[in-house]
Engineer: 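Dropping a structure here in structure tokens format, bear with me for questions.
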Amino acid sequence: MLEKTYKPAEVEARQYQRWEESGAFAAGRDGTGDPFTIVIPPPNVTGSLHMGHALNNTLQDILIRISRMRGRDALWQPGTDHAGIATQMVVERQLAEQGKSRGDLGRDAFVDRVWEWKAESGGTITGQLRRLGASCDWSRERFTMDDGLSAAVRKVFVDLYKQGLIYKDQRLVNWDPKLHTAISDLEVIPREVDGNLWHFRYPIEGALHRHIVVATTRPETMLGDTAVAVHPDDDRYRDLVGRHAILPLVGRRLRIVADDYADPEQGTGAVKITPAHDFNDFEVGRRHDLEMINIFDREARINENAPETYRGLDRFEARKRIVADLDAAGLLEKIDKHRHTVPFGERSDVTIEPWLTEQWYADAKTLAQPAIKAVEDGRTKFVPENWSKTYYQWMRNIEPWCISRQLWWGHRIPAWYGPDGHIFVELDEATAQAAADTHYGKPVELTRDPDVLDTWFSSALWPFSTLGWPEETSELKRYYPTDVLITGFDIIFFWVARMMMMGLHFMKEVPFHTVYMHALVRDEHGQKMSKSKGNIMDPLELIEEYGSDALRFTLTAMAAMGRDIKLSSSRVEGYRNFATKLWNAARFCEMNECQPDPSFDPSKVKSNLNRWIIGETTKAAAAVSDAIDAYKFDQAASAIYQFSWHNFCDWYLELVKPVLQSGEGADRDEARATAAWVMQQQLKLLHPIMPFLTEELWPQFSRPSNEPLITSAWPQLSNDLVDEAAAADLDWVIKTIAAIRGVRSEMNVPPGAKIAAILNGANAETKARYERHGEQLERLARLSGASFDQPVPPGSVQTIVDETTIVMPLADVIDIAQEKARLEREISKLAGEIGKFDKKLGNEAFTSKAPPEVVETQRERRADAIAAREKLEAALGRLSA
RNA sequence: GGGCGCGUAGCUCAGCGGUAGAGCGCUCGUUUCACAUGCGAGAGGUCGCUGGUUCAAACCCAGCCGCGCCCACCA
């Protein structure tokens, strides 16, 4: 006998272990079935499960589980990401607590230390995915820095280098002065801050007392100025173009150049140009061949290229000094308050500095072209579709991808330098050495590039590197391209776009046919959850309290397209109650000996009640299947919820009670078999969303096959069952339902009709049972306007209109209501037609140009429609009376 | 500046041309025998505003008002 309530904690671990040990998650189990593949967005190896993961992986698991049940060879490829900066920072923090830095350890020891940390905490996230119920094929788990994937990364780097698609370049990068590494544009967060706009006077060379006034938000960069730019059409400065200004405090001659970049509307119209410390100025510098003077070191302190007094000062310290010094020199014209955006590092949270360095770049522009085309051609589809716009916009304006990072944790760049700086890019040190020796004609000493690759470089290869590439494995052949990628839109640029580029370049095929972008789970303020903000909600706490199934169902029900999810625990509680409800339905079946009958044929049932619920089951199965196929997860959840609770529990089980409890032999047998069959079907339908509960209940309904639910067959119910149910004379079941649901508002059938109908439809014993509670029923009846003073004949409803009790056969009530509804629909349709005729006949072009007989036909048809409508309206009037 | 999206019940959100919906919360009643994590009955909405299209608009179109996100720029 089942307990009164479902206890998730007792069930989940046991069921998961059974699945995993039985090999149910393994792809290629029986060597048949079309492959269906999803690669997991690899979570940070040392991370832990947050709500975004919970949503993302629940949705993936639903697709994997339904595919598995449909007989597909489902592969959910799991794995984790080394997460360069993030992981390195964690370990550095740990070191800092011991008063050490990574420099103290040295590179090798530090990297060893990170591996230790990975070994220590690396199982956390995968353990948490298991708690969520994720049915990944764990036997194939990969890590972005394992041997195979590292080999893939090296090969991609070497190949792209040899194809000229990876190169070294000196240009401005976003430099993080705290982490001492370049970061990508995407890792820079612009933030509005209150600042000042300082106006400085730069003296004009050879013109005593004459100045040109420049405005800046960053006075300290003036030490690197090499020009002043004005707009070519700006009359105020026309005569100064070609002359020179003298840079105060430094004494450098600055060319005054004419450039469209200078906006006469902005500031003073004259702008100081610092090519080494501003992206726009860099471009101006290139156009005018200006000197680029780097005035910062890697910590953004003033370096030796500036006057001695400022050297070693922090940039903000330098700012104060420079403003003061210029003021003292009488060159500070004014200071305006100015609100502007300043770039901050996503992880370090310090101001990012544009800094001139040499870095490795990937030619994203070239790689993007096939990736754009693939989406244009529909070889990869975005769901919802409008994300393709975001994708296009970025891809069509893509910048070179800076792929080198000045970190220690990651894939070290496979480039070696000879004594004269010659570059050897090879798969490993030995081949590099050999190449170098050949190149120089003698043994030489090589230095390896100290940098590592951007984490997203290895992630970009994930869909094929995890399947064994560059080896030509059978997995690669079978499971690539994958079917669908499920991810949040926040990494569309970081990850999705780059997988498209790399997949197409190296595999010549898109990495996935569909990209489903789910909403972001945001915090209560609509803010993105992030570690740095400390606003992460813990899915594990919710699992602890309500069970994994309840959390999964909640996320599924809220996963409507194109809307952010704000999670509330009351919602999870509600779906926990749903789990209990289903549990109790199973318990009811158990108590009433509802077991599957191997010879049961849903198309052969006799009782109308049973035929009705079979029809409803069929509709629910279709609704769930269609919704999932369309990635409308919320609709799938709501379809099964509605069916299970309201159709099956509220109506079917209530109405079948009399039959089960005191019906005759054959009737009761059929009811039992039907109830068990419906349970069977709905457990299957619910399994992808609530795997634990359904598997736990399954044994009771698993006959005749007795196989576990996870690998059982997805319901494929014939539409004939719906038709069958609809075609039947649905007798009192449907009529009762109609009386309560649809007809009430029209015909004033009192709410108490449900009780009355049950009483009338029930046999003597049930009736007697209800009558034991006569007092309650009477009160209920009074409350709802029904009366039990006089017996109501079977098949009738009783209603009170204007204090007159009317007893009317239910069938009549239904017929009248249905007829009325039908007439109203007809009239509405005719009105539409008449309107169209009117429009056409009122169109002068039509009446004057169309052949007369055509116009006449239109008139006749209009007249017919009007006549028909009048007739129907009259009938409706009689009915209402 | 460019792009995307959202304003529907107290809260969180579905619906997106044909009689306004769900969950939670609220009110009243109810330990009845699967389930009080339940059951029954209710209250609560001019579907942001203004126009337009249509026989019919929460839904389509235009404009406006609020709100959010992404990208770019910012002397």
Side-chain angles (χ1 to χ4, degrees), chain A residues 2 4-6 185-186 190 192 197-199 214-218 229 261-263 265-273 278-281 336 338-342 384 386-387 389-390 392-394 397 489-490 492-493 520 522 524-528 546 550 554 557-558 560 562-592 632 634-635 638 641-642 649-650 653-654 657 661 742 745-746 751-752 754-755 769-770 772-773 776 779-780 783-784 821 824-825 827-836 838-839 869:
Chain A
L2 293 173
K4 253 178 122 169
T5 54
Y6 170 56
D185 294 348
L186 297 167
E192 286 238 313
L197 193 56
W198 285 272
H199 292 66
V214 295
T216 181
T217 54
R218 303 205 51 200
Y261 166 65
D263 179 355
E265 307 285 313
Q266 288 267 18
T268 62
V271 55
K272 64 190 230 18
I273 299 297
D278 181 284
F279 289 98
N280 286 304
D281 292 6
D336 289 343
H338 184 64
R339 195 167 170 79
H340 62 134
T341 49
V342 172
N386 49 303
W387 284 109
K389 279 204 173 184
T390 306
Y392 288 140
Q393 201 185 329
W394 192 69
N397 300 296
F489 59 80
D490 52 328
I492 185 169
F493 306 134
L520 231 49
R522 294 179 185 275
E524 54 192 331
H525 310 293
Q527 292 284 309
K528 193 166 143 181
Y546 300 110
T554 308
M558 298 183 83
R563 190 144 176 165
D564 294 339
I565 294 176
K566 289 183 213 161
L567 202 63
S568 73
S569 61
S570 65
R571 197 77 192 247
V572 185
E573 190 181 339
Y575 291 121
R576 184 273 318 262
N577 295 352
F578 174 57
T580 306
K581 186 72 179 174
L582 200 80
W583 180 265
N584 275 290
R587 188 160 174 261
F588 175 85
C589 289
E590 187 182 32
M591 290 168 61
N592 287 283
K632 295 182 175 177
D634 58 319
Q635 291 182 13
S638 116
Y641 182 94
Q642 168 68 30
C649 292
D650 281 359
L653 290 185
E654 288 302 328
K657 274 176 185 173
Q661 285 162 10
S745 57
E746 299 291 337
K754 182 179 180 184
I755 302 291
R769 217 177 71 216
Y770 277 97
R772 284 213 302 276
H773 307 282
Q776 279 173 28
R779 206 164 21 190
L780 184 61
L783 204 75
S784 56
E824 281 172 343
R825 272 198 305 277
I827 290 167
S828 170
K829 209 159 113 194
L830 283 169
E833 277 178 37
I834 293 165
K836 275 177 201 145
D838 283 345
K839 198 170 180 182
R869 184 174 65 174

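Basis for what follows: all heavy atoms, side chains included, without hydrogens, waters or symmetry-related copies.
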Engineer: Please determine if a side-chain N or O atom of A:K581 lies less than 4.0 Å away from the OP1 or OP2 oxygen of B:C39.
Structural biologist: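 Answer is yes, contact under 4.0 Å.
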Engineer: Tell me whether the centres of the aromatic rings in A:Y575 and A:Y641 are closer together than 6.0 Å.
Structural biologist: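 Close enough - the centres of the two rings lie under 6.0 Å apart.
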Engineer: Specify the residue among A:S570 and A:W583 whose closest nucleotide of RNA chain B lies further upstream toward the 5′ end.
Structural biologist: A:S570
Engineer: Could you tell me the separation between the CD atom of A:Q635 and the P atom of B:C16, rounded to a whole number of Å?
Structural biologist: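 Computing the A:Q635:CD to B:C16:P distance gives 7 Å.
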Engineer: Distance check needed: B:C70 C1' versus A:F493 CZ, whole Å only.
Structural biologist: 6 Å
Engineer: Heavy atoms only, 4.0 Å cut-off, all strands: where does A:F279 land among base, sugar-phosphate and nothing?
Structural biologist: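 No contact.
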Engineer: Whole angstroms only, please: what is the CH2-P distance between A:W387 and B:G3?
Structural biologist: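 Result: 15 Å.
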Engineer: Using a 3.5 Å limit for the pairing distances, which stems of at least 3 consecutive Watson-Crick or G-U wobble pairs does RNA chain B take part in?
Structural biologist: B:1-7 with B:65-71, B:10-13 with B:21-24, B:26-30 with B:38-42, B:48-52 with B:60-64
Engineer: Contact class for A:T390 (heavy atom, under 4.0 Å): base, sugar-phosphate, or nothing?
Structural biologist: nothing
Engineer: OP1 or OP2 of B:G38 less than 4.0 angstrom from a side-chain nitrogen or oxygen of A:N584, does that happen here?
Structural biologist: no
Engineer: Mind checking A:K389 for me? I need base, sugar-phosphate or nothing, with any heavy atom below 4.0 Å counting as a touch.
Structural biologist: sugar-phosphate
Engineer: Would you indicate what A:N592 reaches in the nucleic acid, counting non-hydrogen atoms under 4.0 angstrom: base, sugar-phosphate, or nothing?
Structural biologist: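 Here A:N592 touches no strand at all.
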Engineer: Quick one: do A:D634 and A:K632 satisfy side-chain contact (heavy atoms from CB on, under 4.5 Å)? Show the steps, please.
Structural biologist: CA-CA 6 Å; A:D634 58 319; A:K632 295 182 175 177; 4.1 Å; yes
Engineer: Is A:A262 touching bases, backbone alone, or none of the nucleic acid, heavy atoms closer than 4.0 Å?
Structural biologist: base
Engineer: So what does A:C649 touch, heavy atoms closer than 4.0 Å: a base, only the sugar-phosphate, or nothing?
Structural biologist: base
Engineer: Find the distance A:N577:CG to B:G23:P and express it as a whole number of Å.
Structural biologist: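 To the nearest whole Å, that distance equals 11 Å.
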Engineer: Give a yes or no on whether the backbone of A:K4 and the side-chain of A:N584 come within a donor-acceptor separation of less than 3.5 Å.
Structural biologist: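 Yes.
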Engineer: In sequence, state the C-alpha distance, the side-chain angles, and the governing distance for A:F493 and A:D185, and then conclude on side-chain contact (heavy atoms from CB on, under 4.5 Å).
Structural biologist: CA-CA 11 Å; A:F493 306 134; A:D185 294 348; over 6 Å; no
Engineer: Would you kindly give the CE-to-P distance between A:M591 and B:C35, to the nearest whole Å?
Structural biologist: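 Interatomic distance, CE of A:M591 to P of B:C35: 7 Å.
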